[in-house]
Amino acid sequence: MPALSATSHIWMDGTLVPWDDARIHVMTHGLHYGFAIFEGIRCHAAAHGPAVFRLREHLERFRDSARIYELKLPYSVPELTGAVLDLARATGTTEAYIRPIAFSGYGQMGLDPTGVPVRVAIGMWPWGAYLGEDGQTRGVRATVSSWTRIDSRSLPPQAKCAANYANGILAKLEARAGGYDEAILLNSSGIVAEGPGENIFRVRNGVLSTPPASSGILRGITRDTIVQLAVEDGIPYQRTGFTREELFTADELFYAGTAAGVTPIREVDGRPIGSGTYPVTRRVQALYEDAFRGRSSLHEDWLTYLR
Ligand SMILES: Cc1ncc(COP(=O)(O)O)c(C=O)c1O
């Protein structure tokens with residue numbers, strides 16, 4: 001996993017502060033109970049300069065995550081947009097990952113967060129491909145996790161809440177202990193849901209598919225991007241999920257997410273997937289990169305340029 005490297009500033013509760021000064025108290029409520037919602041966004045060098053990809057959609061999902069958990073966000077989407085752009089300009093980074101987080105702050109303990117001040121911070125730093133550059137080229141080795149994906153009867157998967165990620169961490173640790181790069185989680189009905197931090201796509205006989213939102217996944221913005229781009233490109237797409245055995249009979253499988261980009265899966269539980277060539281995955285990688293680099297005239301509205 002690529003390391004965290006400091007940049008010059010963090011945006012915190014309305015102001016830019018030096019990176020090293022963005023501290024919180026160890027008795028912070030959200031730290032104890034995982035009561036925090038966050039986002040993962042990327043900024044890239046694009047056709048007309050550095051640009052943030054699908055910023056509005058990410059911040060709207062941030063707002064929705066807060067709504068689901070009744071966390072009262074003190075900033076609107078337009079205010080957060082301004083905050084991200086101020087931070088991006090201050091840090092001077094071009095290829096970077098952006099992490100907004102809102103959490104219940106200091107002043108109270110116990111599960112009721114009512115009255116606890118909500119803190120908001122945004123960090124931004126250069127971060128390589130989450131499953132490695134090599135993974136994006138050669139593909140990664142995945143395993144089906146023994147941990148079941150959370151579902152909306154327990155922890156709402158469509159909220160990007162810190163507590164949800166304890167489930168992903170268990171799956172990731174198990175995958176690593178087994179010598180795999182990443183996990184695939186099934187939902188409580190045994191249907192494929194997603195990776196710990198990525199959505200999953202399958203290709204069979206040239207047809208692309210990905211599990212529906214109802215299968216217990218985060219509605220990925222990369223997932224949405226890929227579906228739109230594939231349909232425009234004439235790649236057949238079916239709105240349908242798949243079972244564990246359909247992982248093994250796939251011609252291609254890939255993970256998709258802001259952190260991981262589009263990463264082919266070359267093996268599941270030691271079984272090679274397809275022929276080891278990824279024609280549809282490669283096409284999707286190229287379409288996705290064209291979109292975030294501003295080379296696709298159809299989707300200029302997906303980019304927010306810094307200047
Ligand atoms: C659990 C989970 N699924 C899927 C994704 C992919 O979502 P996106 O493409 O919006 O980054 C992420 C990343 O945010 C995630 O954490």
Side-chain angles (χ1 to χ4, degrees), residues 1-2 34 36-44 52-66 68-69 84 96-102 122-124 127-131 135-136 140 142 145 147-152 154-173 175 182-187 191-202 208 210-230 241 253-263 265 281 284-285 287-289 291-292 299 302:
M1 204 169 288
I37 55 107
F38 67 95
E39 261 310 315
I41 314 172
R42 278 194 189 269
C43 177
H44 301 275
V52 183
F53 190 62
R54 304 202 70 178
L55 179 58
R56 181 175 59 80
E57 291 84 345
H58 279 283
L59 293 177
E60 285 177 357
R61 188 171 66 185
F62 189 62
R63 178 201 59 201
D64 291 347
S65 295
I68 291 169
Y69 274 95
V84 167
Y97 185 81
I98 303 167
R99 166 58 56 82
I101 183 163
I122 312 171
M124 179 169 187
W127 213 34
Y130 179 69
L131 296 171
Q136 282 195 345
V140 293
S145 185
W147 296 100
T148 299
R149 182 73 183 134
I150 52 168
D151 75 26
S152 48
S154 52
L155 286 170
Q158 288 186 25
K160 224 172 142 52
C161 173
N164 295 5
Y165 285 80
N167 175 247
I169 288 174
L170 288 171
K172 185 82 188 182
L173 288 172
E182 187 58 301
I184 297 171
L185 288 131
L186 307 183
N187 66 20
I191 303 294
V192 173
E194 61 181 339
E198 315 84 6
N199 292 121
I200 188 166
F201 281 80
R202 176 181 192 256
L208 186 68
T210 194
S214 57
S215 59
I217 61 165
L218 182 78
R219 279 178 194 268
I221 289 161
T222 317
R223 170 179 170 275
D224 175 75
T225 302
I226 288 170
V227 170
Q228 286 196 53
L229 293 174
L253 293 172
F254 61 87
Y255 288 117
T258 301
V262 175
T263 299
I265 301 174
T281 311
V284 167
Q285 280 179 327
L287 292 168
Y288 179 52
E289 174 142 10
F292 69 68
H299 294 293
W302 283 350

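Hydrogens, waters and symmetry mates play no part in the numbers below; they use all other heavy atoms, side chains included. Position 1 is the first residue of the sequence, and the numbers go up from there. We count ligands from 1, going down the list as the structure has it; atoms in each ligand are counted the same way.
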Exercise for the section: For N199, take its heavy atoms, then give the atoms of ligand 1 lying under 4.0 Å from any of them. Expected result: 4 (C), 6 (C)

Practice task
For ligand 1, note which part of P196 has a heavy atom under 4.0 Å away: side chain, backbone, both or neither.
Solution key: backbone

Handout entry: Closest protein heavy atom (residue, atom, distance) for atom 12 (C) of ligand 1
Key = G197 O, 3.3 Å

Exercise for the section: Identify, for atom 14 (O) of ligand 1, the protein heavy atom at the shortest distance, and state residue, atom and that distance. Expected result: K160 NZ, 2.7 Å

Exercise for the section: Classify the angle between the aromatic ring planes of F53 and Y288 as parallel (below 30°), tilted (30 to 60°) or perpendicular (above 60°). Expected result: perpendicular

Fill in the blank from the handout: If you scan protein heavy atoms around atom 11 (O) of ligand 1, the nearest is T258 OG1, 2.6 Å

Handout entry: Within-4.5 Å side-chain heavy-atom neighbours: R61 and I221
Key = yes

Fill in the blank from the handout: One finds that the ligand 1 atoms under 4.0 Å from a non-hydrogen atom of G220 are 7 (O), 8 (P), 9 (O), 10 (O)

Practice task
Would you check the N or O atoms of I221, main chain and side chain alike, for any that come under 3.5 Å of an N or O of ligand 1?
Solution key: yes

Practice task
Please confirm whether R219 comes under 4.0 Å of ligand 1, counting heavy atoms of the residue only.
Solution key: no

Handout entry: Y130/Y97 under ring-ring contact (aromatic ring centres under 6.0 Å, His included): CA gap, chis, key distance, verdict
Key = CA-CA 11 Å; Y130 179 69; Y97 185 81; 8.7 Å; no

Problem - For R149, the option from N167, N164, N187 that meets side-chain hydrogen bond (donor to acceptor under 3.5 Å, both in side chains) - result: N167

Practice task
Would you tell me which option among E194, R54, R149, R223 has the nearest heavy-atom contact to atom 2 (C) of ligand 1?
Solution key: E194

Practice task
Quick one: look at R61 and ligand 1, take heavy-atom pairs under 4.0 Å, and tell me if it's side chain, backbone, both or neither.
Solution key: side chain

Problem - Ring geometry between F292 and H44 (parallel below 30°, tilted from 30 to 60°, perpendicular above 60°) - result: parallel

Problem - Geometric N/O contact T222 with ligand 1, under 3.5 angstrom - result: yes

Completion exercise
The protein heavy atom nearest to atom 16 (O) of ligand 1 is Y165 OH, 2.4 Å

Handout entry: Side chain T263, main chain Q136, donor-acceptor under 3.5 Å
Key = no

Problem - Full working for salt bridge (charged side-chain N to carboxylate O under 4.0 Å, His left out) between R99 and E39 - result: CA-CA 6 Å; R99 166 58 56 82; E39 261 310 315; over 6 Å; no

Handout entry: Donor-acceptor under 3.5 Å (T222 side chain, T258 main chain)
Key = yes

